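The structure appears right after this line, and notes come after that.
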Protein chains: 4
Amino acid sequence: MTSAYFSGSSEAGPRSAGKILGAARTVLSQQGYPGLTIEAVAAEAGVGKSTIYRWWPNKEALIADALAQVFRADEIPDLGDTHAELRQAVDMTISNYDNDEMAASLPALAVGLLPNPDLMARFREVFLLRKRENIAVALRRAADRGDLPHDVDTDLVQDVWAGTILYRRLMTGEVLDEHLAEHLVKIVTASPEQFSHKSCP
Amino acid sequence: MTSAYFSGSSEAGPRSAGKILGAARTVLSQQGYPGLTIEAVAAEAGVGKSTIYRWWPNKEALIADALAQVFRADEIPDLGDTHAELRQAVDMTISNYDNDEMAASLPALAVGLLPNPDLMARFREVFLLRKRENIAVALRRAADRGDLPHDVDTDLVQDVWAGTILYRRLMTGEVLDEHLAEHLVKIVTASPEQFSHKSCP
Amino acid sequence: MTSAYFSGSSEAGPRSAGKILGAARTVLSQQGYPGLTIEAVAAEAGVGKSTIYRWWPNKEALIADALAQVFRADEIPDLGDTHAELRQAVDMTISNYDNDEMAASLPALAVGLLPNPDLMARFREVFLLRKRENIAVALRRAADRGDLPHDVDTDLVQDVWAGTILYRRLMTGEVLDEHLAEHLVKIVTASPEQFSHKSCP
Amino acid sequence: MTSAYFSGSSEAGPRSAGKILGAARTVLSQQGYPGLTIEAVAAEAGVGKSTIYRWWPNKEALIADALAQVFRADEIPDLGDTHAELRQAVDMTISNYDNDEMAASLPALAVGLLPNPDLMARFREVFLLRKRENIAVALRRAADRGDLPHDVDTDLVQDVWAGTILYRRLMTGEVLDEHLAEHLVKIVTASPEQFSHKSCP
DNA sequence: TAGTAAACGAGACGGTACGTCACGTCTTCCT
DNA sequence: AGGAAGACGTGACGTACCGTCTCGTTTACTA
C-alpha cells in the first residue's frame with residue numbers, strides 16, 4: 001500500500017501518488033496548513049490539478065493520506081519491563097506530534113472532518129485506532145504482569161498521554177522532552193488504580 | 001469594555017460590537033467553523049464588512065473575541081477541601097470545551113494563529129493564562145495544605161487536564177462525563193509526587 | 001451610456017467598463033473569437049475576473065457589448081436621391097462586417113445565444129433592429145418618392161443585403177468592394193416589385 | 001468511402017465511422033453546437049476517445065464530416081423551364097439550412113476554421129463548391145436559353161441566395177417558406193442584368 | 001488453424017478555462 | 001463624521017473537456 005489509504009480506495013491509486021503525497025508534505029512544512037492549496041501541491045508535484053481531484057475528494061482527504069504516511073503506529077515489543085514498554089509508547093506518541101507538520105495538521109484535519117461523520121470515522125481509524133491498539137497490547141501485557149489493574153482503561157491512558165502531548169505542542173507551545181515522557185509514564189504506573197475501569201467512586 | 005479584547009484595543013470598540021460578536025457565535029454554531037465567513041457575520045449582524053475590519057484585523061481575531069466571551073476563567077473559591085476545589089477546576093475546564101463551538105474552534109484558531117507568534121501569544125494569554133492562573137491558585141492552596149507537593153507543577157497538571165478533555169472532545173468524540181472528571185482529579189491527588197517540578201528521575 | 005448595454009442594465013456598469021470592453025476588443029482582434037477567454041480579457045484589462053462576472057453573465061454577453069460599441073446603426077440622411085441613400089445603407093452594412101472581428105464574432109455570438117431565446121432576442125434588438133429601422137426609414141422614403149413599391153418589404157431588402165455581405169465575408173471570403181455594393185443597390189432598384197409584400201405569385 | 005471525407009483521408013476510415021458520425025449528429029441536435037464535445041460523441045457512439053482522435057484531428061473536422069453527410073449538393077436536372085430549375089436550386093439551398101443542426105453549425109464551423117486557411121479551404125470545397133457548381137450549371141443553362149445574361153455571375157447569384165437564407169435562419173429567425181423561395185428566384189429572373197459580370201456602372 | 005499486428009474501449013494523464021466564493025481593501029452615498 | 005452597502009483586485013475552489021498517452025482486448029488478415 002502506498003497511498004489513497006485514507007480515501008478508502010486502498011487497492012489502487014494514481015500513478016503519481018508518491019509524487020503527490022510527497023509534494024503535499026513538502027508544501028505542508030513550507031507553507032503550513034492554511035497555505036496548503038491543491039494548486040500548490042499540484043504545481044509542486046508537477047501534476048495536473050485534475051489528477052489530484054480524480055483520487056482525493058478534497059484537501060482534507062489528501063492531507064490525511066499524506067500524514068498517514070508518516071504517522072507511526074508501531075507495535076510495542078515485549079521487553080519484559082513495563083516501564084520501558086510504556087516509555088516506548090509515550091515516545092512514539094511524542095515523535096508523532098513533535099513536528100509542526102503533524103501538530104498543526106491533525107487538529108485542523110479533525111476540525112475539517114467534524115461535520116462529516118463518515119470521514120471523521122475513517123480519520124479515527126487511520127490515526128487513532130491502529131496506534132491505540134498496539135499500545136493497548138502493551139498495557140494489557142503490563143496488567144498481566146500485575147503492574148496495572150487487570151481491567152486497565154487503555155483508552156483513558158492514551159487519552160491522557162496523547163491529549164497532554166498534543167495540547168502542549170499546539171496550545172502552550174512547550175517542549176516535549178523526556179521529562180514530560182517520564183512524567184506521563186509514571187502518572188500511570190504510580191497510581192494504576194486510577195486507570196481502571198471500575199475505579200469509579 | 002465589551003469587545004475587541006483579543007485584538008488588543010481593549011479601551012474601545014465599535015458601537016455594534018455586541019451585535020457582531022453575537023452574530024459570530026450564531027454563525028459559528030449554525031455553520032461550523034469552516035462556514036464562518038466575515039461576510040456571513042456581517043450579514044447576520046446587519047453590519048457592513050468594513051465595520052468589522054475596522055476593529056478586527058482578520059477572521060481569527062474576530063473569532064477569538066467571540067469565543068473569549070464565553071470562555072470561563074473563574075476563580076476557584078477556597079472551599080477548605082482540596083478534592084472539591086480541584087473537581088471544580090476540572091468541571092470548569094470541561095464546561096469550556098463541552099460544545100462543538102469551542103471544541104472545534106479553539107484548535108482551528110490555534111492552527112490559524114500558529115504562523116503569527118504575536119497573535120499566538122495573545123491567544124494564549126486570553127484563553128490559557130487567565131484560566132491557568134486561577135486554577136494555579138487552587139493548586140498552590142492544596143500544596144499549602146500538604147495535599148500536593150510544595151513545588152507542584154501547575155502547568156503540567158493543567159496540561160494533563162485540558163489536554164485530555166480537549167483530545168477526547170475533538171479527536172475521539174467520547175463524552176466528557178463526571179467519571180472522567182473524577183479520574184482527572186484523582187490522577188493528581190493519588191500520586192501527587194508525579195506533578196512536582198523536582199520529581200524528575 | 002457606455003456599456004452593459006447588451007446585458008440589460010443600461011443605466012449602470014462597472015467603473016472599469018471602458019477598460020474591459022476595450023480589452024475584449026483587443027483580445028478579440030489579436031486572438032480571434034475562440035481565443036477570447038474571460039481570463040484573457042481580465043488580464044488585458046488589469047481587472048479581476050469577478051468584476052467581469054459581476055456585470056456580464058457570460059462570455060457571450062460581454063462580447064455582445066464589446067461589439068455593440070463598434071456596430072454602426074446610423075440614420076440615413078435624406079439626400080433627395082434614392083440611389084445615393086440606398087448605397088449609403090449598403091455601405092454602412094459593409095463597414096459593419098468588413099473586419100474579422102465582427103465577421104467572425106457575430107455568427108459565433110448568434111450560435112452561442114441560439115439556445116437562450118431571451119438573450120437571442122436581446123441580440124437581435126441590439127444588432128439588427130436599431131440598424132434595420134434606420135434603413136427602413138430610407139426605404140420608405142424611397143417608396144414615397146415612387147422609387148419603390150409603397151408596401152416595400154424592408155426586412156426582405158435588408159436580409160438580402162446583410163445576408164449576402166455576411167455570407168461573402170464569412171463563408172466564401174470574397175472581398176466586399178463597391179462593385180458588390182452597387183449590385184446590391186441595383187438589385188432592389190431594378191426590380192422593385194420583387195421586394196413588395198404583396199408581390200407573391 | 002463513408003467518411004473521413006473532410007479530413008482528407010478519403011480512402012479509409014475507422015470501423016466505427018458510421019456510429020461516430022451518427023453520434024455526432026445526435027449530440028449536435030440534442031445538445032446544440034456548444035454542447036458537442038468529443039467525449040460526449042465518444043460516449044454516445046460507445047467508442048473510445050482515441051478512436052475519434054485517430055481519424056479526425058479535432059472537433060471541427062469531425063463536425064464537418066458529420067454535416068457533410070447531410071449536406072445536399074444535387075445536380076439540377078434540365079427541366080426545360082428556367083424558373084422551375086432555379087426554384088429547385090433555391091429549394092435545395094433552403095432544405096440544407098432549414099434545421100438548427102446545420103444553421104447553427106455551419107457558421108460555428110466557419111468561425112472555428114477561419115484562423116486555419118487550409119481547413120477553411122477544405123471547408124469551402126466540401127460545403128460550397130460542389131453545390132455551387134451544380135447550381136452554376138443550371139444558371140448557365142438559363143443563360144443559354146437567353147433567360148439570363150450570357151456572362152451571368154453565378155457566384156453572386158448564389159451568394160445572394162445562400163446569404164439571405166442563412167441570415168434569415170441564423171440571425172433573424174424568420175421562417176424559410178416558399179414565399180421567400182419565389183422572391184429569391186424572381187430577384188434574379190426579373191432583373192437578370194444585375195447578375196452579369198460586366199454590368200458594373 | 002494459429003500468430004500477429006492493427007485498431008479498438010477504456011480511461012489516466014498534464015493542462016486550460018470555466019464560473020463561484022471569500023478574502024481584505026477601497027469607494028460611495030446616506031444619515 | 002461614521003457606517004451600511006457593496007464594488008474592487010486577488011486567488012483558490014472544484015468541474016468539464018481538451019488532446020496525448022498507455023493499457024489490455026478484440027478483430028481480421030497472414031502464414
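From a predicted model like this one, the values you see are computed outputs, not experimental measurements. Heavy atoms only: backbone and side chains are in, while hydrogens, waters and symmetry mates are out. Naming: A, B, ... by sequence-line order, numbering from 1 per chain.
Between C:Trp55 and F:dC8 there is a side-chain polar atom (N or O) within less than 4.0 angstrom of OP1 or OP2. In this model, the phosphate group of E:dA12 is not approached by any side-chain N or O of A:Thr51 to a distance below 4.0 Å at OP1 or OP2.
Distance, C:Tyr33 OH to E:dA17 P: 15 Å, rounded to whole Å. Separating the CD1 atom of D:Ile52 from the C1' atom of E:dA10 is a distance of 13 Å, rounded to the nearest angstrom.
D:Ser50 is linked by a side-chain contact (heavy atoms from CB on, under 4.5 Å) to D:Arg54, counting only residues two or more places apart in sequence or in another chain. A:Asn99 pairs by the side chain to side chain donor-acceptor pair (under 3.5 Å) definition with nothing, not counting sequence neighbours. For C:Asn116, there are no side chain to side chain donor-acceptor pair (under 3.5 Å) partners, not counting sequence neighbours. Scored by the side chain to side chain donor-acceptor pair (under 3.5 Å) test, C:Lys49 finds C:Glu39 as partners (sequence neighbours excluded).
Between C:Lys19 and A:Arg15, the residue anchored nearer the 5' end of DNA chain F, judged by the nucleotide with its closest heavy atom, is C:Lys19.
Residue A:Trp56 forms a side chain to side chain contact (heavy atoms under 4.5 Å, CB included) with just one option from A:Thr51, A:Val41, A:Leu21, A:Ile63, and that option is A:Leu21.
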Base-contact (B) and sugar-phosphate-only (S) positions in nucleotides 11-20 of chain F, heavy-atom cut-off under 4.0 Å, - elsewhere: -SBBB-SBBB

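Judged as a side-chain hydrogen bond (donor to acceptor under 3.5 Å, both in side chains), the pairs with a partner in residues 16-31 of chain A (not counting sequence neighbours) are, in order, A:Arg25-A:Gln69.
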